[in-house]
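Accompanying notes for the structure given below.
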Amino acid sequence: QLQFVESGGGLVQPGGSLRLSCTTSEFTIDDYAIGWSRQAPGKEREREDVSCISKGGGITNYANSVKGRFTISRDNAKNTVYLQMNSLKPEDTAVYYCAVAGDIDCSASLMDSWGKGTLVTVSS
């Protein structure tokens with residue numbers, strides 16, 4: 001199964017920024033669309049797709065809740081996908097996961113994540 005390593009989370013004040021990274025040593029990501037999802041504390045049964053970037057990087061999408069604040073990007077040379085998060089809000093607090101999308105153009109939802117995720121806490 002596709003296993004990713006997420007990093008970059010931490011504690012940040014409202015309005016602050018973080019950049020998350022997603023990579024894997026098991027395969028190269030350049031044949032896949034990759035996205036981010038999140039799971040808020042206390043809502044373990046609910047995982048929200050946040051963003052996705054197409055195989056070629058030309059298509060990106062975002063959940064309405066993060067649109068205009070988050071930016072997804074990829075660096076295939078580094079085998080890494082990033083999520084730049086700006087203007088963070090307390091409701092962004094969650095464990096963030098990355099995963100392969102069901103289609104190369106992000107037209108399908110993300111596959112289940114098998115990584116451990118990285119915790120983002122937005123609090124004063």
For this session: Please list, chain by chain and in numerical order, all residues satisfying side-chain hydrogen bond (donor to acceptor under 3.5 Å, both in side chains) with Asn79, sequence neighbours excluded.
Result: none
Euclidean distance, [Y] [atom2] relative to [X] [atom1], rounded to 0.5 Å:
X: Tyr82; Y: Asp75; atom1: OH; atom2: CG; answer: 5.0 Å
X: Met85; Y: Arg19; atom1: CE; atom2: CZ; answer: 11.5 Å
X: Arg74; Y: Thr80; atom1: CZ; atom2: OG1; answer: 10.5 Å
X: Tyr62; Y: Cys106; atom1: OH; atom2: SG; answer: 10.0 Å
X: Glu46; Y: Glu48; atom1: CD; atom2: CD; answer: 7.0 Å
X: Cys22; Y: Glu6; atom1: SG; atom2: CD; answer: 5.5 Å

Looking at side-chain heavy atoms only, is the closest gap between [X] and [Y] below 4.5 Å?
X: Leu83; Y: Ser51; answer: yes
X: Arg45; Y: Gln39; answer: no
X: Val5; Y: Lys116; answer: no
X: Thr121; Y: Val12; answer: no
X: Phe4; Y: Ile29; answer: yes

For this session: Tell me, please, whether Tyr97 has Arg47 positioned over its six-membered ring: NZ or CZ under 6.0 Å from the ring centre and within 45 degrees of its axis?
Result: yes
Taking [X] for its side chain and [Y] for its backbone only, find out whether a donor-acceptor pair lies under 3.5 Å.
X: Gln13; Y: Ser123; result: no
X: Asn86; Y: Gly16; result: no
X: Thr118; Y: Gly9; result: yes
X: Thr93; Y: Val122; result: yes
X: Thr24; Y: Glu26; result: yes

For this session: Over 60° means perpendicular and under 30° means parallel, so classify the ring planes of Phe27 and Tyr32, tilted if in between.
Result: perpendicular
Exercise. So among Asp49, Val95, Asp112, which one has a side chain to side chain contact (heavy atoms under 4.5 Å, CB included) with Ser37?
Worked result: Asp49
Does any donor atom in the side chain of [X] or [Y] lie under 3.5 Å from an acceptor atom in the other side chain?
X: Asp105; Y: Ser54; value: no
X: Glu91; Y: Ser65; value: no
X: Arg38; Y: Tyr96; value: yes

For this session: Count the heavy atoms belonging to other residues, nucleotides or ligands that lie under 6.0 Å from CD of Glu44, then report whether that count exceeds 12.
Result: yes
Problem set entry | Least distance between heavy atoms, Ser17 atom then Gln84 atom | CB-NE2, 3.9 Å
